[in-house]
Amino acid sequence: MARPFDVHAVETKWQEHWATEGTYEVNNDDPREHFYSLCMYPYPSGSAHQGHIRNYTFGDLVVRYQTMRGKAVLSPFGFDSFGLPAENAAIKARSHPRIFTEARMAELRSSVERLGAVYDWRRLVVSHDPTYMKYAQMIFLTFWRAGLAYRATAPVNWCPGCGTVLANEQVLPDGTCERSGDLVERRELEQWFFRITDYAEELLNDLDGLEWPERVKVMQRNWIGRSAGVEFDLPLVSDPSLALRVFTTRPDTGFGITYAVVAPEHPLLEHLTTPDQREAVDELVTRARAASELERTATAEDGSLAKRGAFTGSYVRSPFTGAEVPVYVADYVLGNYGTGAIMGVPGEDERDFAFARAYDLPVVRTVAPPAGHEGAYGGEGRHINSGFLDGLTVAEAKAEATQFLVEHAEGHPTVNYRLRDWLISRQRFWGCPIPIVYCDSCGIVGVPLEQLPVLAPDDVTMDQTGQSPLATHPGFRDTTCPQCGGPARRETDTLDTFTDSSWYFLRFADPFTPDRPFDAVQAARWMPVDQYIGGIEHAILHLLYARFYTKALVDVGLAPGLPREPFARLFTQGMIRLQGTKMSKSKGNLIAPERYFDTVGADGLRVFHLFVGPPADDVDWTAQTEDVIEGCARFLDRIYRLATSDLAAREYDASRDDAVRRAVHRTIAKVGADLDRWSFNTAVAALMELLNVLTRWAYAENTVSTATFDEALDTLLALLAPMAPHLSAELWERRHPDEPSVHLQPWPIADPAWTVEPRVTMVVQVDGKVRARLDVDPEITEESAHAAALAHPDVVRWLDGRAPVRVIVRAPRMVSVVTR
RNA sequence: GCCCGGAUGGCGGAAUCGGUAGACGCGGAGGCCUCAAAAGCCUUUACUCGCAAGGGUGUGUGGGUUCAAGUCCCACUCCGGGCACCA
């Protein structure tokens, strides 16, 4: 497609201009109102793909728009540069992940600069930068000393494909690794954890105050999984000094207990198992331990819980009925949730019902189900078969039953969370080493601050053997104890890379103060982030971890006075799809943005991403897409031609000026409102409409006065500036060579006097159908509208002599005449 | 199974507070310019009946509320996403 100007020359000219002028560098003490705009920290996977382009187009629009609105806008950039892909690539090529990573960082940076997205590059943050690592390690040690990091042996998720353990959040519901797709194994390992569960309640409650998409909040609420209930004792029949402690959210159904179940890992299982049941129990425990999540749940496909439990031979006594009920062991009860043991209430719980069916256990209903209901009933109803609870509603009975358990069964109300502590150890090389030393005499010792950062040596063999690559490097592994000076051994695991993206936004706010991660007073000038932009795929992992870090940093004293929530407003953009599947590097179905940079240019590609649909919606890349991109470039070309054509000699007819000026001011109002509500596609459409108005008058009728036309064109360029920054800057400069750039101009303000129309169309409905349209004054009174509507010949015709029964007047928009 | 979204012309989408459905763009049709093409410009484009004037129908389906429903209510279908042994 032939363009009327040299797109490439114009775009590079302005990109160099913004870089050399430092237009978008901003200091912390800037007196203007502060605004922090941030796109999610990218993993450097090479040159930008369409998802990046979309992300940075939105982010850059926000930055430039808010700047023109008079704010000091913080717009930083950085790289989440540690991670598995670079390490795997390095193993394959017998190279070093740093080499891959830095080459790809350069590519991505070049792409975003080519897009014309502007940043304060002085604030660049890179995860593998030794300075950043030093503070990442300092934060880890501070958390550890505050008791928020701890080392424990636990059954963990081991991914054979990645050669490392994973956090719960990285395991998909089907038990596979979210990254490699391998079936995750359970291994018993000693690992480092962050005590995120200490913050479960706050992480849940603070969601309410965030301007985030509701579905992201719902996902986080589900993930945290708060459930309030009661813990109480079921005494052993054989030894009443011992009891099985269970947790339930339905204490009201206690009269329906017909059995109890313990998890295969339960500490009391050994004691509960009688000699004649030993074999069956051992077999079940062995099977449960070996089975993956997937295999376990697969057996339950048909809803049956057969073969998933075994009788222990013991009995406990129900505090409600005094009855002796059998104790089973079953893998559907989890060892690490609640007390690892439950009461079996098949009447009201579906799993219990399925288990009772499979093991032929009695079912006692305690809540009357609706007529004809089969199976377990978990809904509302009146209690039956429940002694002192009979006749009560579920809520009433819960309160009564809780009270009873407190008095008679060592009970107390408890809250449990689905959320587990965050496993942060990774048996990989390309990450930040955990700054810990193990000494035989001193135990676990933190590396002293002055010895940070702990850096991995470069000559490490990274082959995946299941142990940390660093452990195979004696020079790194063997060290001396910082406390006693004796021989010691370093921690050889690295930190989960999600720790890096959990505080980078704070480092952006103040990378200038020496000797600390950031200065709290400086960071507080920007925090919280006013607008955070990224993909929905981070709804749980990154966004939950970053919230935890922010709260913890405040509590351990590294960020005194900072807000406890990092991201005030979140926008999650849609993804790009090709033939129904997500466009991504790993799927190999990319349409590279580069090809458009030289044809339609960065501005054309930006306008396309803004115009193609609502920012939150997915974009289907189809055969038509190329045409739409061309159309966006055509829109810019028309602006170029209009702005560079010579109209000064044209005739002047002042009668048309007002109409043009009204179109201009209505567009100002529309575009501003649309940008504020993230309706970028309609904002672009409004500019297209304005251009259509201007073109029509300027070319077809030659009647617009130069002054009005100039005002209109200048306004158009200003409104266009956040969307197509290069072209608008270029045309503005040509029109105003002695003035500051369009990007430094104030955002246009609509004059209310010019946003109202002198005449509007009023419709008249007869019995609900539009039968006439009238051109009226917008200030028309109800009476005049009423009279004018009934006098209209079309209305008279449609009334056909019938008298209106009712007339509803909504001047000046509409009159509704009813005859029936 | 549960919880969220969503369904509007040939296509992407618009309609912000219950008040002119289809803005804007893509694609299509016709025209101007040109030796011709490209580019550009102009007209037209929901479906349908009609020569026309002018009607009728129409926002996934079926009901309802209302003078008036894409928008609100009830039931359902399909699509997308999340959750799903957490007691």
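Because only heavy atoms are used, hydrogens play no part in the values below, and waters and symmetry mates are left out as well, while side chains stay in. Throughout, protein chains are lettered first and strands after them, A, B, ... in sequence-line order, and every chain is numbered starting at 1.
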More than 12 heavy atoms of other residues, nucleotides or ligands under 6.0 Å from [atom1] of [X]: yes or no?
X        : atom1 : answer
A:Glu626 : CD    : yes
A:Arg245 : CZ    : yes
A:Arg418 : CZ    : yes
A:Glu779 : CD    : no

Could you state the [atom1]-[atom2] distance from [X] to [N], rounded to the nearest angstrom?
X        : N     : atom1 : atom2 : result
A:Trp621 : B:C26 : CH2   : P     : 16 Å
A:Gln220 : B:C83 : CD    : P     : 12 Å
A:Glu630 : B:C26 : CD    : C1'   : 11 Å
A:Asp637 : B:G40 : CG    : P     : 7 Å
A:Leu334 : B:A84 : CG    : P     : 12 Å
A:His609 : B:G25 : NE2   : C1'   : 16 Å

Classify [X] by what it touches in the nucleic acid, base, sugar-phosphate, or nothing, heavy-atom distance under 4.0 Å.
X        : result
A:Gly631 : sugar-phosphate
A:Arg813 : sugar-phosphate
A:Gln624 : base

With nearest nucleotides of RNA chain B determined for A:Ala685 and A:Arg638 from heavy-atom distances, which residue corresponds to the more 5′ nucleotide? A:Ala685
Contacts of A:Met219 and A:Asp618 projected onto RNA chain B by closest heavy atom; the upstream (5') one is A:Asp618
Do A:Phe193 and A:Trp422 have their ring centres less than 6.0 Å from each other? no
Watson-Crick or G-U wobble partner of [N], both distances under 3.5 Å:
N     : result
B:U20 : none
B:C76 : B:G60
B:G70 : none
B:G30 : B:C42
B:G1  : B:C83
B:A36 : none
B:C11 : B:G25

Taking salt bridge (charged side-chain N to carboxylate O under 4.0 Å, His left out) as the test, write out the residues that go with [X], two or more places apart.
X        : result
A:Lys670 : A:Asp674
A:Asp775 : A:Arg759
A:Arg577 : A:Asp618, A:Asp620
A:Glu757 : A:Arg662, A:Arg666

Does [N] have OP1 or OP2 sitting under 4.0 Å from an N or O in the side chain of [X]?
X        : N     : answer
A:Asn692 : B:G25 : yes
A:Arg634 : B:C26 : yes
A:Tyr332 : B:A87 : no
A:Arg3   : B:A39 : no
A:Ser227 : B:A87 : yes

Is the ring pair A:Phe58/A:Trp678 parallel, tilted or perpendicular, if the boundaries are 30 and 60 degrees? perpendicular
In terms of ring plane angle, is the pair A:Trp621 and A:His609 parallel, tilted or perpendicular, where the classes change at 30° and 60°? tilted
Could I get a table of every N or O pair under 3.5 Å where one atom is in the protein and the other is in nucleotides 54-57 of chain B?
residue, atom, partner, partner atom, Å
B:G55, OP1, A:Arg797, NH2, 3.3
B:G55, OP1, A:Trp798, NE1, 3.3
B:G56, OP1, A:Arg771, NH1, 3.3
B:G56, OP1, A:Arg771, NH2, 3.0
B:G56, OP2, A:Arg771, NH1, 3.3
B:U57, OP2, A:Lys769, NZ, 2.7

Which residues pass the ring pair (Phe, Tyr, Trp, His ring centres under 6.0 Å) test with [X], not counting sequence neighbours?
X        : answer
A:Tyr259 : A:Phe355
A:Phe611 : none
A:Tyr199 : A:Phe548
A:Tyr640 : A:Phe5

Are A:Tyr332 and A:Asp352 close enough that a side-chain donor and a side-chain acceptor fall under 3.5 Å? yes
Report the glycosidic orientation of B:C17: syn if within 90° of 0, anti in every other case. syn
From the list B:A87, B:C41, B:G25, which nucleotide is the closest neighbour of the side chain of A:Arg641? B:C41
Filtered N/O pairs between nucleotides 1-5 of chain B and protein, under 3.5 Å:
none

If the sugar-phosphate is the primed atoms plus P, OP1 and OP2 and the base is the rest, what is the B/S/- string for nucleotides 63-73 of chain B, using protein heavy atoms under 4.0 Å? ----B------
Pull out every protein N or O sitting under 3.5 Å from an N or O of nucleotides 14-17 of chain B, one pair per line with the distance.
residue, atom, partner, partner atom, Å
B:A14, OP1, A:Asn681, ND2, 3.2
B:A15, OP1, A:Arg677, NH2, 3.2
B:U16, O4, A:Lys670, NZ, 2.5

